[in-house]
Amino acid sequence: MARRKLIAGNWKMNGSLAALAELDTIATAAAAAPNVDVAIAVPATLIAPAHARVPSLAIGAEDVHEADSGAHTGCVSASMVREAGAAFTIVGHSERRGDQHETSHDAYMKSAAAHRQGLTVILCVGETQAERDAGRAERVVQAQIEKSLPDDAHADWLTLAYEPRWAIGTGWTPSMEDIAAMHAIARAKLRQMIGDTALDMRILYGGSLTGANAAEILALENVDGALVGGASLTADKFVPIIEAAKAQST
Ligand code: PEP
């Protein structure tokens, strides 16, 4: 079946109220690409002003806590970001797995919490350079999916993102063959876990995707869109990616 492409930005710990002006042009490009879904995850402090500024654009969080509320100083819950205007959240991003030592079980719990509160989820998996060099990339990604995918995961509310950690923010990307191979492995793993509904689930590629390589990567089988870090910060870099997805969608 045809899966709509999703182009999702991730501002990480970047941006400001002034930077939200970029969203005006991004929202215009998104409106001109009705066959593509466009979304932007922003720092928690920017969710409400971003949503107020461009209500037509899906604004999301970059992380949520696994609990709905409680004594967790400095954290934000899914219900809080939802109230602020978030439609989705990223979960299990490699920078959280690395910097905050989050595990696949944490990603599982957070995905479930987000779903409980009505958010859709972009669940990230991906191997390190050392794991790839050791020939373990495939097994690592399969294990991450196995441990982080909620039991009731469904394409209606969950999107997987394959993001090789060594490709994030580095300017390096895997070969087209390697991207296609890992997406096929991820699709097979999803199918083993949730059956044929896995055929409806989107699998995004993330890692140094730009306007220059978007068309080639987005054309690969089982690549249903992109999670974009650096190139999502400004409209001049992000809009060409939306347009590349638009050109490939019917
Ligand atoms: C990301 O942070 O998810 C990402 C893919 O970053 P970049 O596009 O900068 O590599």
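All of these numbers come straight from a predicted model, not from anything done at the bench.
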Does [X] share a hydrophobic cluster with [Y], counting links as ILVMFWY side-chain heavy atoms below 4.5 Å and allowing steps through other members?
X: Phe88; Y: Ile242; value: no
X: Trp157; Y: Leu199; value: no
X: Leu160; Y: Leu220; value: yes
X: Val141; Y: Val121; value: yes
X: Trp172; Y: Val228; value: no

Test side chain to side chain contact (heavy atoms under 4.5 Å, CB included) on Thr159 and Ile203; report intermediate values, then the result. CA-CA 6 Å; Thr159 295; Ile203 305 176; over 6 Å; no
Could you check whether any side-chain N or O of [X] sits under 3.5 Å from a backbone N or O of [Y], counting only pairs where one atom can act as donor and the other as acceptor?
X: Thr28; Y: Asp24; answer: yes
X: Ser208; Y: Ile168; answer: no
X: Arg187; Y: Met201; answer: yes
X: Asp224; Y: Leu204; answer: no
X: Lys147; Y: Ala107; answer: no
X: Asp106; Y: Thr103; answer: yes

[X] bridged to [Y] by N-O distance under 4.0 Å:
X: Asp37; Y: Arg202; result: yes
X: Arg97; Y: Glu102; result: no
X: Asp200; Y: Arg3; result: no

To the nearest 0.5 Å, what is the distance between [atom1] ([X]) and [atom2] ([Y])?
X: Leu119; Y: Leu158; atom1: CG; atom2: CG; value: 12.0 Å
X: Leu20; Y: Trp11; atom1: CG; atom2: CH2; value: 5.0 Å
X: Leu123; Y: Leu227; atom1: CG; atom2: CG; value: 11.0 Å
X: Glu216; Y: Leu209; atom1: CD; atom2: CG; value: 10.5 Å
X: Leu149; Y: Ile194; atom1: CG; atom2: CD1; value: 6.0 Å
X: Lys189; Y: Ile145; atom1: NZ; atom2: CD1; value: 7.5 Å

Note, [X] side chain near [Y] side chain (heavy atom, < 4.5 Å):
X: Ile40; Y: Leu23; value: yes
X: Glu22; Y: Lys237; value: no
X: Met109; Y: Val91; value: no
X: Glu127; Y: Trp166; value: yes
X: His93; Y: Glu62; value: no
X: Lys5; Y: Gln248; value: yes
X: Thr173; Y: Asn213; value: yes
X: Val64; Y: Ser77; value: no

Do other residues, nucleotides or ligands put more than 12 heavy atoms under 6.0 Å from Gln100 CD?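 Counting neighbours around CD of Gln100, more than 12 heavy atoms of other residues, nucleotides or ligands fall under 6.0 Å, so yes.
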### Task
Kindly check if the number of other-residue, nucleotide or ligand heavy atoms within 6.0 Å of CD (Glu83) is above 12?
no
request  = Start with the C-alpha gap between His65 and Lys110, add the side-chain angles, then the distance that decides, and say whether side chain to side chain contact (heavy atoms under 4.5 Å, CB included) holds.
outcome  = CA-CA 6 Å; His65 196 274; Lys110 288 173 179 226; 5.8 Å; no
State, to 0.1 Å, how close [X] and [Y] come at their nearest heavy-atom pair, and which atoms those are.
X: Ala52; Y: Pro55; value: O-CD, 3.6 Å
X: Ile122; Y: Ala161; value: CG2-CB, 3.8 Å
X: Ser232; Y: Gly9; value: CB-CA, 3.5 Å
X: Arg53; Y: Ala21; value: NH2-CA, 3.5 Å
X: Ala27; Y: Leu57; value: CA-CD1, 4.2 Å
X: Ala244; Y: Ala215; value: CB-N, 4.1 Å

Pair Val125-Gln142, side chain to side chain contact (heavy atoms under 4.5 Å, CB included): steps then yes or no: CA-CA 9 Å; Val125 296; Gln142 286 172 324; over 6 Å; no
Ring geometry between Tyr205 and His183 (parallel below 30°, tilted from 30 to 60°, perpendicular above 60°):
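Tilted: the ring planes of His183 and Tyr205 meet at 30° to 60°.
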(message) For a side chain to side chain contact (heavy atoms under 4.5 Å, CB included) check, start with the C-alpha distance between Thr120 and Asp156, then their side-chain angles and the critical distance, and finish with the verdict.
(response) CA-CA 8 Å; Thr120 59; Asp156 287 349; over 6 Å; no
